[in-house]
Each structure stands twice: as structure tokens, then as C-alpha cells.
Asker: 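Take a look at the following structure, please.
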Amino acid sequence: MKSIQLGFLLLAALFSSSHQLSKPEDPTYTAAVVEHIEPVGNSARTRTTLASESFQKIIREVGDVDIIVFPEHILNSQATATFVPHEYQNITPCYQTDYELFLIELSCSARANGIYVVINVVEKELCANGAGSDTFNPCPSTGVRYFNTNVVFDRRGRIISRYRKSHLWRHEYDSTSVLRTPDISIFSTDFGVTFGHFICFDMLFYDPAVKLLREHNITDIVYPTYWFSELPFLGAVQLQEGWAFGNDVNVLAADASKPAGRTSGSGIYAGRGGRLVAEIFEQPTTKLLIAEVPKREHGQLSPTFTPLFTPQWKTPRLTGLATYRDNNVDIFESELLPEDFLSFERQLCHGSFCCSFAIERQVNSPAENEVTSSEAKSYRYRIGVYWGNKTTVIGVDRTEQATCALFACTDVRTASCGYIFPENDEVINTHHFTKLSISGKFPAAPRGRRLIMPSTLNALFLPVSVADYEWSESLEAANNLGKPILVDLKLAKSQNDLLTFAIWANYFTEIPSTHNLDHMQPINATSSTTSASSAISALWILWVLSCLCIIVF
């Protein structure tokens with residue numbers, strides 16, 4: 001009898017330890033993402049310890065959430081790299097001793113608090129004598145290779161998913177390995193949601209990010225990132241919300257916080273329902289963002305209501321976040337709008353790709369007793385159109401884009417577009433936008449790879465609320481990527497301080513980027529290089545022989 005009672009007690013303890021909050025039949029689940037500063041310490045070990053302790057404290061204090069996501073590149077470095085078991089090994093590091101202490105402790109934290117936890121780590125793998133994974137780069141002489149890796153713990157601290165980053169930032173290729181076949185990493189939860197996950201720069205590529213959605217029907221994405229914001233189209237929250245909207249999926253995005261280094265911006269997004277919560281910071285900040293996320297099988301979430309519009313002479317601005325500038329705009333077909341225009345209509349084309357613009361503004365006036373310096377500045381605006389593959393994403397990888405855009409510039413030159421006025425400049429809104437409509441017939445995608453999304457931004461580096469614009473696509477082409485598609489984007493509510501209002505499309509080019517590294521050279525490029533070298537060598541030999549002939553004769 002006692003053994004039966006003990007069995008029931010153990011069973012009860014087992015189930016109670018999971019602390020399940022949401023159930024599969026519930027219409028929502030509770031998610032948290034963490035924007036986190038980089039730890040400061042005099043050694044790699046100290047920095048890792050500080051980050052791990054901070055993560056553990058957040059997990060202890062987060063309360064009733066189902067899943068929590070931490071950012072990329074904060075927790076450890078190669079000096080404190082850890083082995084990471086594959087999920088099929090069914091390992092819970094909390095009661096194993098074969099891993100770095102931080103991995104063990106975070107496994108224990110997930111188990112103690114009954115939360116799904118997603119972290120990003122520097123992973124190490126032994127590769128000497130042909131061991132280890134199939135990667136582009138050879139095994140280093142040390143016999144150890146490194147990956148940029150997501151790790152997912154379930155409520156009992158067991159590792160249930162691992163993902164190794166497929167598309168690295170340029171300098172990462174010097175020390176980080178890439179699998180020849182990208183991971184497709186998916187995990188299921190006890191609250192009835194199946195997630196896919198990837199890392200940072202992966203978001204701008206088809207494989208594995210879009211493949212998870214198109215080929216595996218994933219509706220919820222976990223996204224640790226260390227994003228470098230780029231204006232006018234690829235600010236952190238701007239991209240996260242636009243990508244979630246364009247794919248109509250939920251996204252849980254956790255960014256690192258180093259604004260002086262161009263990095264900040266985290267949020268939780270409900271597809272075409274817009275952002276549930278998102279923030280971007282001017283100072284290094286550790287902050288927890290929590291939201292109730294709708295499960296997609298229960299239908300679409302309606303966009304949240306936004307306050308009534310009020311014209312404003314001056315609006316809050318975010319100036320403390322450093323950004324890159326998108327040099328692609330220099331090759332757009334663009335036109336400068338008149339400084340004081342009230343109404344403007346134009347069709348502008350880049351080659352055969354054309355976009356239509358209809359814009360109206362009204363004059364703003366300063367409030368009573370509002371003093372304005374004679375040196376106050378206002379943004380100028382350009383419309384721009386582009387279609388082609390002579391572009392890059394953040395200057396790192398080739399891309400194929402189609403874009404219809406209105407974007408802000410600090411003066412009349414195209415070279416000033418993608419910059420903002422600095423903090424010490426007084427900036428005023430001499431006008432506000434009352435009508436802004438952009439439309440274009442976007443080319444077919446014969447390879448079945450096309451993502452079209454809104455890209456909008458205001459002076460706080462946040463997108464225009466989904467409730468404040470209208471988006472439409474020609475229905476006959478929406479699910480047929482082999483056909484051109486007509487897309488319309490228009491304001492539904494007036495706006496004061498736009499930096500960007502655009503339709504931005506990624507066609508996921510197959511033109512390779514080599515990053516100046518031998519192991520990333522594609523076969524055809526290597527062959528052509530070899531052929532060229534052979535030809536040069538042959539010419540050199542002929543030249544030498546001809547010289548010898550002259551000497552002999």
C-alpha cells in the first residue's frame with residue numbers, strides 16, 4: 001500500500017514540476033522575450049558567469065509564461081564554448097557534468113521554473129580524424145570547430161532542439177563553421193504550438209527561414225538576434241514586424257542591447273495582427289517583454305486600436321541608436337519631392353518595373369508658446385523604385401530586390417537618404433501626411449521564392465502601426481508565386497514623422513557570396529578561377545618559350 005501511495009506521490013510530483021500554464025485547447029499562450037545588455041568583465045569566464053546569473057534571475061522572476069527567449073551573442077564566447085547534445089540524445093544537462101556550467105545551470109533553471117527556455121551559445125564540436133559534422137570549412141588544426149547555436153530546453157530542462165546558424169555575419173566566417181545542409185530545427189510544446197527557430201541574419205534568406213513556413217507549415221518562430229539596424233528599410237523592429245506580417249506568422253524576437261554598436265530592438269508579433277509588444281532603446285538596456293500570443297488555428301488577431309491622430313510640430317525622436325546606411329538606394333530610380341509639396345502623384349519606373357505614388361500633406365503649425373529656432377530642420381523626401389540583383393543586404397550578401405518606397409533624406413542629395421538628423425539638431429514637422437498610397441506590380445518568382453512585406457518607420461524607429469495602414473494583394477497571384485502580383489500599401493490614418501513607407505520584396509537570389517574565404521567558394525566559381533589561372537599560366541609559359549627562341553636564334 002505504501003509503495004502504491006509513494007508511486008502516486010512521485011507521479012504527482014512529476015506532473016506538478018512541469019508547471020504547465022497554457023493548455024493545447026487554449027486560444028493563446030504566454031511568451032516572453034528578453035532584450036539584454038552585454039556583460040562587462042575582465043575575462044571571458046567572468047562575462048559568461050555574469051550573463052548566466054542574469055539569465056537565471058530573469059527565469060526565476062518572469063512569473064507565469066510558457067516560453068522565454070534570450071538574444072544572440074550575449075551568453076558566452078569561444079573561450080567558454082560548450083558541447084551541445086543533439087535532441088535525439090534526450091539529454092538534460094541539469095544532471096550531467098559533461099557540459100559548461102552555464103548550460104547545466106540554465107537547464108536546471110528551466111526545470112525549476114517549468115518554462116521552455118531558448119538560449120543562443122557558442123558551441124564547440126570535436127572534428128579531428130573525420131569526426132563531427134559536414135561543414136563547408138575543414139576541421140581546424142586544433143581539432144575543434146565552433147558553431148553559433150540555438151538551444152531549446154523544455155519545462156524539465158531537457159534539450160529538445162538545437163539549431164546552428166546558416167548565414168553568418170561577415171567576420172563570423174573567420175572562426176565559425178557552417179553546415180553544408182542548413183538545419184531545419186522544429187520543436188513541439190505541451191501547449192499545442194510547434195515552433196521553428198533560426199538566428200539573426202538567417203531572416204533575410206529562404207533557407208532555412210522561409211522554408212520552415214512554406215515547406216513545414218510552421219506558424220510560430222523563435223528568433224534570437226544581434227541585429228545591426230540599417231536605414232531606411234532594415235531597422236530591427238521594422239524588419240521583425242514586416243517579416244512577421246509578410247509571412248503572416250507569429251515571431252518571438254529577442255535582440256541584444258548595444259545601441260552604440262547599432263544593436264537594439266526586440267518584440268513579439270502576431271503576423272498581420274501586428275506587434276503585440278516591441279521596444280527599441282537608445283541606451284544599453286535589459287528588459288523583459290511579455291505578451292499573450294494568439295494560436296494561429298484559432299484565427300487571425302485584429303490589429304490593436306491606436307489613438308486619434310493629432311498634428312504635431314515636434315515629435316519625440318530616437319537618436320541614440322547608431323545605424324548603418326543602405327547603400328542600395330544610390331542605384332534606385334528616385335525623384336526628390338518638392339520641399340513644400342501638398343499633393344504629388346507620379347508613376348516611377350526602374351526598367352520595366354513601375355510603382356505608382358499618390359501623396360497628400362497638410363501644413364503643421366507650432367503650438368501656442370512653442371519656440372522654434374531659426375536653425376530648425378525638416379526632412380526632405382524621395383520616392384524610389386528598384387528591381388534587380390545588384391543589391392546587398394547590409395553590405396554582406398547579394399540579394400535580389402523589388403522595392404517601391406518613400407524615404408526621408410536630410411538634404412536634397414540621394415547620398416543623405418538613410419541618415420537621420422543628430423540629437424543636437426532641432427527637427428520640426430512642417431507638414432503631416434494625410435494621404436500616402438503606393439502600389440506596384442511585383443514580378444513573378446519562377447523559383448517559388450518571393451517575400452513581399454511592408455517596411456515602415458517613424459522617428460522612434462518603430463513601424464507604423466498595422467491598424468494605421470491598409471495592405472492588399474491581387475488574390476489570383478497571392479498564392480501563385482509564378483505570377484506577377486499587384487500590391488497596394490496606403491495610410492489609413494494621418495502620420496506626422498515618417499522616415500520610411502515602402503513595399504519591400506526579397507526574391508532570394510542564388511548568386512553566391514564568397515566572403516573572401518576559400519571554403520565558401522562555390523564549385524562554379526572555383527572552376528572558373530582555376531580555368532583563368534590555367535590560362536594565365538599557359539600564356540606565361542608561351543611568353544617564356546618565345547623569349548628563349550629569340551635568345552637562341
Side-chain angles (χ1 to χ4, degrees), residues 231-233 235 237-239 241-246 248 269 271-275 278 302-317 334-348 354-364 378-385 403-409 417 420 427-442 452-474 485-505:
L231 300 184
F233 305 114
V237 175
Q238 179 183 19
L239 172 63
E241 184 165 332
W243 194 90
F245 184 100
D248 196 17
Y269 311 88
R272 301 211 166 180
R275 63 182 175 270
S302 298
T304 19
F305 170 80
T306 57
L308 293 174
F309 172 77
T310 303
Q312 289 180 282
W313 185 247
K314 296 179 183 179
T315 50
R317 299 191 301 130
S334 71
E335 180 176 339
L336 180 70
L337 276 57
E339 184 173 11
D340 296 320
F341 81 92
L342 296 177
S343 181
F344 181 90
E345 288 195 23
R346 183 80 80 246
Q347 184 184 71
L348 188 65
C354 298
C355 305
S356 297
F357 300 84
I359 310 170
E360 292 180 5
R361 301 195 303 175
Q362 289 184 4
V363 176
N364 283 346
S378 297
Y379 285 104
R380 297 296 303 272
Y381 288 95
R382 279 185 177 269
I383 56 170
V385 177
T403 306
C404 303
L406 170 90
F407 43 85
C409 313
C417 306
I420 63 167
V427 179
I428 57 174
N429 301 309
T430 58
H431 299 75
H432 63 270
F433 290 87
T434 57
K435 176 183 177 181
L436 179 45
S437 175
I438 301 176
S439 64
K441 192 170 186 179
F442 284 73
I452 306 177
M453 65 187 193
S455 180
T456 68
L457 199 68
N458 64 24
L460 290 174
F461 283 14
L462 292 174
V464 174
S465 171
V466 168
D468 290 352
Y469 65 81
E470 297 173 359
W471 174 275
S472 63
E473 304 168 355
S474 51
I485 181 170
L486 180 64
V487 181
D488 287 285
L489 173 66
K490 62 182 66 174
L491 282 178
K493 185 182 292 185
S494 299
Q495 299 289 320
N496 279 303
D497 53 5
L498 285 175
L499 294 178
T500 306
F501 197 74
I503 307 170
W504 191 88

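The shown structure was predicted, so the numbers you read here are calculated from the model rather than taken from an experiment.
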Asker: Would you mind telling me which of Tyr381, Phe501, Phe344 makes a ring-ring contact (aromatic ring centres under 6.0 Å, His included) with Phe433?
Answerer: Tyr381
Asker: From Ile438 CD1 over to Tyr469 OH, what is the distance, rounded to the nearest 0.5 angstrom?
Answerer: 12.0 Å
Asker: For a 4.5 angstrom cut-off between non-hydrogen side-chain atoms, does Phe309 reach Thr434?
Answerer: no
Asker: Within the structure provided, determine whether His431 and Asn364 are in side-chain contact (heavy-atom separation under 4.5 Å).
Answerer: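 When only atoms from C-beta onward are counted, Asn364 and His431 do not touch, as no gap falls below 4.5 Å.
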Asker: Ser378 side chain to Ile428 main-chain N or O, any donor-acceptor pair under 3.5 Å?
Answerer: yes
Asker: Any chance NZ of Lys314 has more than 12 other-residue heavy atoms, nucleotides or ligands included, within less than 6.0 Å?
Answerer: yes
Asker: Could you grab the distance from atom SG of Cys355 to atom NZ of Lys441, nearest 0.5 Å is fine?
Answerer: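 Cys355 SG to Lys441 NZ: 13.0 Å, rounded to 0.5 Å.
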Asker: Give the intermediate values and the outcome of side-chain contact (heavy atoms from CB on, under 4.5 Å) for residues Tyr379 and Leu498.
Answerer: CA-CA 9 Å; Tyr379 285 104; Leu498 285 175; over 6 Å; no
Asker: What heavy-atom pair brings Ala502 and Thr456 nearest, and what distance separates the two atoms?
Answerer: N-CG2, 4.5 Å
Asker: Where do Gln238 and Pro232 come nearest, in terms of heavy atoms and distance?
Answerer: NE2-O, 2.9 Å
Asker: Test side-chain contact (heavy atoms from CB on, under 4.5 Å) on Met453 and Phe245; report intermediate values, then the result.
Answerer: CA-CA 7 Å; Met453 65 187 193; Phe245 184 100; 5.7 Å; no
Asker: Quick one: OG on Ser334 to CZ on Phe407, what's the gap to the nearest 0.5 Å?
Answerer: 5.5 Å
Asker: For residues Leu231 and Phe461, determine if any side-chain heavy atom of one lies less than 4.5 Å from a side-chain heavy atom of the other.
Answerer: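 Contact flag for Leu231/Phe461 side chains = yes.
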Asker: To the nearest 0.5 Å, tell me how far Leu406 CG sits from Ser437 OG.
Answerer: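 Rounded to the nearest 0.5 Å, the CG-OG separation comes out at 12.0 Å.
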Asker: Asp497 and Thr315: side-chain donor and acceptor closer than 3.5 Å?
Answerer: yes
Asker: Step by step, work out the side-chain contact (heavy atoms from CB on, under 4.5 Å) result for Thr500 and Phe233.
Answerer: CA-CA 7 Å; Thr500 306; Phe233 305 114; 3.9 Å; yes
Asker: Less than 4.5 Å apart, any side-chain heavy atom of Pro463 and any of Val237?
Answerer: yes
Asker: What are the two closest heavy atoms between Asn429 and Gln312, and how far apart are they?
Answerer: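 So the minimum-distance heavy-atom pair works out to ND2-O, 3.1 Å.
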Asker: Determine whether Ile485 and Ser474 make a side-chain contact, defined as any pair of heavy atoms from C-beta on separated by less than 4.5 Å.
Answerer: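 SC-SC contact between Ile485 and Ser474 confirmed.
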Asker: What are the two closest heavy atoms between Cys417 and Arg382, and how far apart are they?
Answerer: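 Closest pair (atom of Cys417, atom of Arg382, distance): SG-CD, 3.7 Å.
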Asker: Any chance NZ of Lys493 has more than 12 other-residue heavy atoms, nucleotides or ligands included, within less than 6.0 Å?
Answerer: yes
Asker: Do you know which two heavy atoms are closest between Glu241 and Val464, and how far apart they sit?
Answerer: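 Taking every non-hydrogen atom into account, OE2-O, 4.1 Å.
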Asker: Search all heavy atoms of Ala505 against all heavy atoms of Ile452 and return the closest pair with its distance.
Answerer: CB-CG1, 3.8 Å
Asker: Show your working on side-chain contact (heavy atoms from CB on, under 4.5 Å) between Gln495 and Asn458 and close with a plain yes or no.
Answerer: CA-CA 9 Å; Gln495 299 289 320; Asn458 64 24; 5.6 Å; no
Asker: Taking the side chain as every heavy atom from C-beta outward, state whether Trp471 and Val487 have any atom pair closer than 4.5 Å.
Answerer: yes
